[in-house]
Structure formats: structure tokens, C-alpha cells
Amino acid sequence: MTSSQPLIRMQNIEKHFGSVIALAGVSVDIYPGECHCLLGDNGAGKSTFIKTMSGVHKPTKGDILFEGQPMYFADPRDAIAAGIATVHQHLAMIPLMSVSRNFFMGNEPLRKIGPFRFFDHDYANRVTMEEMRKMGINLRGPEQAVGTLSGGERQTVAIARAVHFGAKVLILDEPTSALGVRQTANVLATIDKVRKQGVAVVFITHNVRHALAVGDRFTVLNRGQTLGTAKRGEISAEELQDMMAGGQELATLEGSLGGTV
Amino acid sequence: MTDVQTQVAGDERIKHRSRFREALIRPELGGIIGTILVFAMFLIFAGDSGMFNSQGVLNWGQISAQFMIIAVGACLLMIAGEFDLSVGSMIGFAGMLIAIFSVTLGWPVWMAIIVTFVIALAIGALNGYIVVRTGLPSFIVTLAFLFILRGFAIYLPQTIERKTIIGGVSDAAQGDWLAAVFGGKILTGLFQWLGDNGWIAVFERGTRKGQPVVDGLPMLVVWAIVLVIVGHVILTKTRFGNWIFAAGGDAEAARNSGVPVNRVKILMFMFTAFCATVFAACQVMEFGGAGSDRGLLKEFEAIIAVVIGGALLTGGYGSVIGAALGALIFGVVQQGLFFAGVESSLFRVFLGLILLFAVILNTYIRRIITGER
């Protein structure tokens with residue numbers, strides 16, 4: 001799991017929005033084949049951080065190295081082309097369109113007939129069915145509308161799509177936060193499969209148990225700062241929880257709730 | 001991964017759907033049912049009124065073709081998630097431009113038509129540009145153009161010729177190659193042959209004795225068929241078609257996947273304007289002139305045809321074939337009421353009822369597709 005060179009190295013990243021300091025010097029390394037969990041409470045700067053990583057925001061200060069080279073992306077499409085794919089919680093799939101149309105949205109395979117180029121539905125359907133089977137999703141057919149899939153299955157389709165189109169880094173923005181227990185398990189299993197293919201997964205969540213289930217390393221963000229990165233086995237759920245909440249307050253609160261949070 | 005078999009075993013809670021039910025879940029369902037119904041109805045009530053001989057078929061065929069031409073544009077635009085309420089005004093405006101250019105200014109008709117198309121496409125692009133840049137609902141933006149274009153369609157001939165109808169295009173169009181593309185007829189040999197064999201009616205007396213009453217397929221109908229086929233192929237068989245669905249289904253998700261949503265929408269506005277101008281050009285060539293009030297309410301009729309054809313008003317779902325069937329229902333009913341001897345104002349009652357029925361059916365189909373409850 002410890003490759004020599006990090007795929008992405010982010011050093012002392014700062015991001016200011018006017019007078020608001022969203023990120024105050026965050027450093028993170030992402031290695032291929034690892035699942036790097038980025039934990040933080042709401043407002044901790046998780047979203048800003050991943051948007052910086054995926055090229056949506058430019059850092060105010062700090063360096064980003066992608067495969068050892070200084071990274072500069074003019075827009076998110078460049079990031080996708082370079083192999084950094086973001087799977088958003090809601091904005092990934094179009095419910096009324098078929099799974100195969102969704103899978104190839106923006107990357108439609110083409111087949112030439114005379115001077116015209118047509119959407120190669122046969123190829124798209126075949127690949128979609130194959131990829132879905134690999135991920136353990138049983139489709140009625142490639143023409144099935146995404147709207148009939150469960151939330152977890154949709155996340156899985158989105159992940160499979162990103163990997164199929166050559167993502168080296170997969171940024172998952174709270175993929176499990178709106179899901180039920182079983183669907184969450186499916187998504188976590190998908191993350192595990194993807195990691196084993198050598199893809200680096202950046203898993204954003206505020207659920208410590210989900211993070212511990214698949215994470216190799218854990219970075220906690222709190223109020224725009226990182227409290228360091230811990231390896232699997234070096235840290236307990238309670239410690240992560242405390243770091244996310246900034247320690248004291250939650251401990252008091254948790255006491256009154258009987259330690260259930 | 002070792003246990004693929006159990007993974008593919010499926011979810012025991014997904015009920016098996018019959019192939020029949022599966023076949024029903026398609027956007028064209030309403031259009032197909034409606035088409036069968038209206039044909040059955042008029043075969044019973046107007047079967048012997050001449051509605052189904054060659055002149056009768058041409059009659060409702062042409063009306064249907066008119067609806068189809070604008071419905072194809074409205075359909076693709078609606079699937080891309082937008083409306084165009086300026087279609088009717090564009091028909092009046094574009095027709096008026098062709099007449100002014102060719103009659104008042106004396107340009108060759110082909111030049112008048114080409115320049116009109118360029119202007120119409122530019123207005124369509126402007127519509128689209130305003131919608132995507134401001135993020136305003138296309139309903140409002142194109143409503144503005146409904147009034148602006150209609151205003152010009154009245155103002156221009158009033159100012160130039162002191163009247164709201166400009167005639168004389170027929171004389172100007174004599175022998176013009178491009179005018180024939182919109183006002184001519186094809187397959188005249190085939191129709192003569194059909195007449196010679198007694199399969200379609202021929203004139204019994206007079207100077208045209210022996211010639212078929214319907215002597216060819218009007219270019220209007222050809223345009224309608226070509227636009228429907230091209231629209232259907234683009235929508236279902238090309239990359240751009242996938243982008244149209246995506247842009248209307250969820251513009252944000254489409255953008256995240258790298259679909260150029262703004263470009264798609266602007267192009268669809270231009271295509272709607274193109275269809276309206278085809279309609280206008282055919283009409284001007286047929287009547288030999290343009291009138292300020294041409295195309296009134298056509299935008300709504302186009303939208304209704306599209307909705308009958310199964311497209312969702314919210315975008316992202318629909319079918320060109322369905323829209324064409326919706327247009328066919330329109331043409332058949334509008335003319336069929338006349339053949340059946342029913343008061344023609346009832347057409348509007350029918351329009352309203354079928355619209356209501358279609359929207360309810362579409363909502364139901366959408367629920368089945370997306371699994372909403």
C-alpha cells in the first residue's frame with residue numbers, strides 16, 4: 001500500500017474567500033491504491049479542499065503536485081482528462097436516462113457509417129452490463145432508467161463510470177451520507193474493489209464508522225486546518241470523532257447522550 | 001468478485017415485469033393510442049365522406065405535416081429542457097421577411113429565403129443565448145420574443161406597404177430553384193401512374209381530363225417526413241442526442257460529465273427557429289404571399305403535439321416519433337371534424353381534453369420509469 005511516490009501531494013494549501021480563510025495550510029499526500037479518508041464536520045473545509053484538488057478552485061497559497069509535476073488545471077475538465085474524477089453525492093446521474101446512456105454521458109462511443117458518426121449503442125450497452133456485473137449490480141437491462149436504481153447503486157454506477165474512463169484519483173464527496181445501511185455497505189464494497197485496481201480513492205465523510213470500514217489513512221480537517229494524517233490501526237473511532245468535533249465540547253455532549261454519537 | 005453468481009442473483013423485491021408492460025413504457029404510448037383512436041373514430045363516422053380518398057388524405061396530411069414541422073423543433077427543444085413560445089410569431093415574421101425581400105425589394109426568391117433563414121437562426125441563437133446566460137426561464141424570454149416578432153410582422157408591412165398582407169410571391173417565385181424546394185411537388189409521375197391505373201381519383205372532364213386530382217406529393221409533406229426522420233435519428237442514435245437528453249434531464253449533472261449544455265440548448269433554440277422558418281417558407285410559397293397574422297397560436301399547438309407525443313414538460317424525456325404522431329392526431333382531428341360535419345370550433349375543446357389526458361398519462365409513465373411513488 002506504500003508506493004514510493006504520492007499521486008497527489010498537496011502542501012500547505014491555503015484558500016481564502018475574501019476575508020474568510022477556508023483552508024489555513026493543509027497538507028495531504030494521496031498514494032495510488034489507497035483509500036484516503038478525509039473527515040471533518042460541516043464547515044470544516046472538506047468541500048473547499050476537494051474542489052481545490054479537482055481544479056475547481058485555485059489555492060491562494062501552497063503547492064499541488066500531481067504525479068510529481070506542479071499541477072495546474074484551467075477548469076475541471078482538464079482535471080478529468082488528467083485522471084482526477086469527482087463523484088458528487090447528488091449531481092452524478094440523470095434519473096430519466098438509461099444506465100448505459102448515463103454511463104457514457106460526455107464520453108459517447110461512436111461508430112462510423114459512411115460520413116456520419118452514430119452513438120454505438122451496442123458497444124455502450126455491452127460495456128455497461130459488464131462493468132455493472134463487475135460491481136455486483138444486477139441490471140434488468142442496459143436500457144433500465146437510472147431512476148429505478150437505489151441511491152447506493154447510483155453511486156456505484158458513477159464510481160464504475162469514473163474508473164472505466166481512466167480515473168487515477170477518485171474523489172467521493174460524501175457518497176454514503178444519504179444512504180441506508182445495506183446500500184452503504186455496497187458502496188463501501190465498491191470502494192474496496194476500486195482501490196484494489198490501483199486507483200487512489202479520496203473518501204470524504206463525516207461518519208467515522210464508514211471511514212474506518214474501508215480507510216487506509218485518515219486525515220481530519222477542523223476549521224480549515226488538518227490535525228495530521230493517521231494510518232489504519234493507529235487511531236480509534238473515538239479519537240477521530242474527537243478530532244473532528246474539536247475535542248472538548250463533544251466529549252461533554254457525548255457524556256450526556258450516553259456515548260452514542 | 002469470486003462469487004459472481006450470487007451477486008447476480010438479483011433483488012428479490014424487484015417484481016418481474018411482463019414484456020407487454022415493458023413495451024408499454026415508452027414515450028410514444030400516448031401518441032400510438034391516440035392515433036389508433038382517432039383513425040378508428042373517423043373511419044366509423046366519416047369513412048364515406050371522402051376523408052380517406054386521395055384528396056382527403058392530402059388535405060389532412062398537409063395539415064398534419066405543418067404541425068409536424070414545428071413539433072419536431074419544439075420536441076427536441078423541450079427534451080433539452082426549454083420552451084420556445086415565439087414559434088408562431090417567428091412563422092409570421094419569417095414569412096413576412098420572405099415576402100418583403102422578394103416582392104417589395106425585388107430580390108430573387110432564393111436569396112430572400114436564404115437571408116430569412118439566416119435572420120431566423122440568429123434570432124433563435126439570441127433566444128438561446130439570453131436563456132443560458134441569464135438563467136431566466138425560457139418561458140419568459142421567448143414570451144418576450146412572441147410579442148417582439150409579432151409586432152415586427154405587423155409593423156414592417158404596415159410601414160412599407162400600408163397593409164398587413166403582401167402578395168405576389170408566386171409570380172416572383174416562378175422558376176426559382178429554392179422556391180420549388182418549399183412550394184413544389186415531387187413524385188408527380190407516380191401519382192399520374194396511380195391515376196392511370198384507377199387507384200386514385202382523376203379529373204373526369206375539363207382541360208386536365210385524365211390527370212390525377214392529387215398530382216404530387218407537396219414539399220411541405222416531404223419536409224415534415226425528412227425533419228421527423230432526421231430529428232429522430234439525431235435524438236436516439238447520435239452523441240448529440242445523448243447530450244440533448246442530458247441537458248434537459250439535469251443540466252448540472254450533464255455539465256459535471258463534460259456535456260456542453262449551453263451549446264446544446266442554443267443549438268436547439270436555433271433548430272426551433274429553423275423549423276418555424278421552414279413552415280413559413282412552405283406557407284408563403286403555397287399561398288403566394290405572407291400575412292401578419294400567420295402562425296398565430298402555433299407555439300402552443302406545437303407544444304401540445306409534443307406533449308401528446310410523450311415528452312415531459314420538465315425536459316429530459318420524449319420522442320420525435322411521438323411528437324409526429326401528436327401532430328398527426330391534430331391534423332386528422334382538425335380536418336376530420338370538418339369531414340364528419342361537426343362544428344369545427346369543437347376542435348379546441350378536443351385540444352384541451354387531449355392535452356389534459358396526455359399530461360396525466362405522461363406523469364404516470366414517468367413514475368413507472370423512474371420508480372417514483
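In what follows, chains are A, B, ... by sequence order, proteins preceding strands, each numbered from 1.
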> Who pairs with A/K112 by side chain to side chain donor-acceptor pair (under 3.5 Å), at least two apart in sequence or on another chain?
Replying inline: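 In terms of side chain to side chain donor-acceptor pair (under 3.5 Å), with neighbours along the sequence ignored, A/K112 is linked to no residue.
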
Write down the atom of [X], the atom of [Y], and the distance for their closest heavy-atom approach.
| X | Y | result |
| --- | --- | --- |
| A/M105 | B/S257 | CE-OG, 3.2 Å |
| A/H121 | B/K237 | NE2-CA, 4.2 Å |
| B/A246 | A/I94 | O-CD1, 3.3 Å |

> Which of the residues B/G258, B/G241, B/P260 is involved in the greatest number of heavy-atom pairs with chain A at under 4.5 angstrom?
Replying inline: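 Looking at each option in turn, the highest pair count goes to B/G258.
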
Does [atom1] belonging to [X] count more than 12 external heavy atoms closer than 6.0 Å?
| X | atom1 | result |
| --- | --- | --- |
| B/F139 | CZ | no |
| A/R117 | CZ | no |
| B/Y129 | OH | no |

>> Does B/N242 form a side-chain contact (heavy atoms from CB on, under 4.5 Å) with A/M97? I'd like the steps, not just the answer.
In response: CA-CA 9 Å; B/N242 209 38; A/M97 282 164 69; 3.5 Å; yes

>> Looking at B/R239 and A/F119, would you say the former's side chain and the latter's main chain have a donor-acceptor pair under 3.5 Å?
In response: no

>> If we define contacts as heavy-atom pairs under 4.5 Å, which of A/R111, A/M132, A/E108 has the most with chain B?
In response: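 So the answer, after comparing A/R111, A/M132, A/E108, is A/E108.
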
> Within residues 227-236 of chain B, which positions have a heavy-atom distance to chain A below 4.5 Å?
Replying inline: B/V233, B/L235, B/T236

> Does the side chain of A/L110 reach to within under 4.5 Å of the side chain of B/T238, using non-hydrogen atoms?
Replying inline: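 Answer no - side chains too far apart.
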
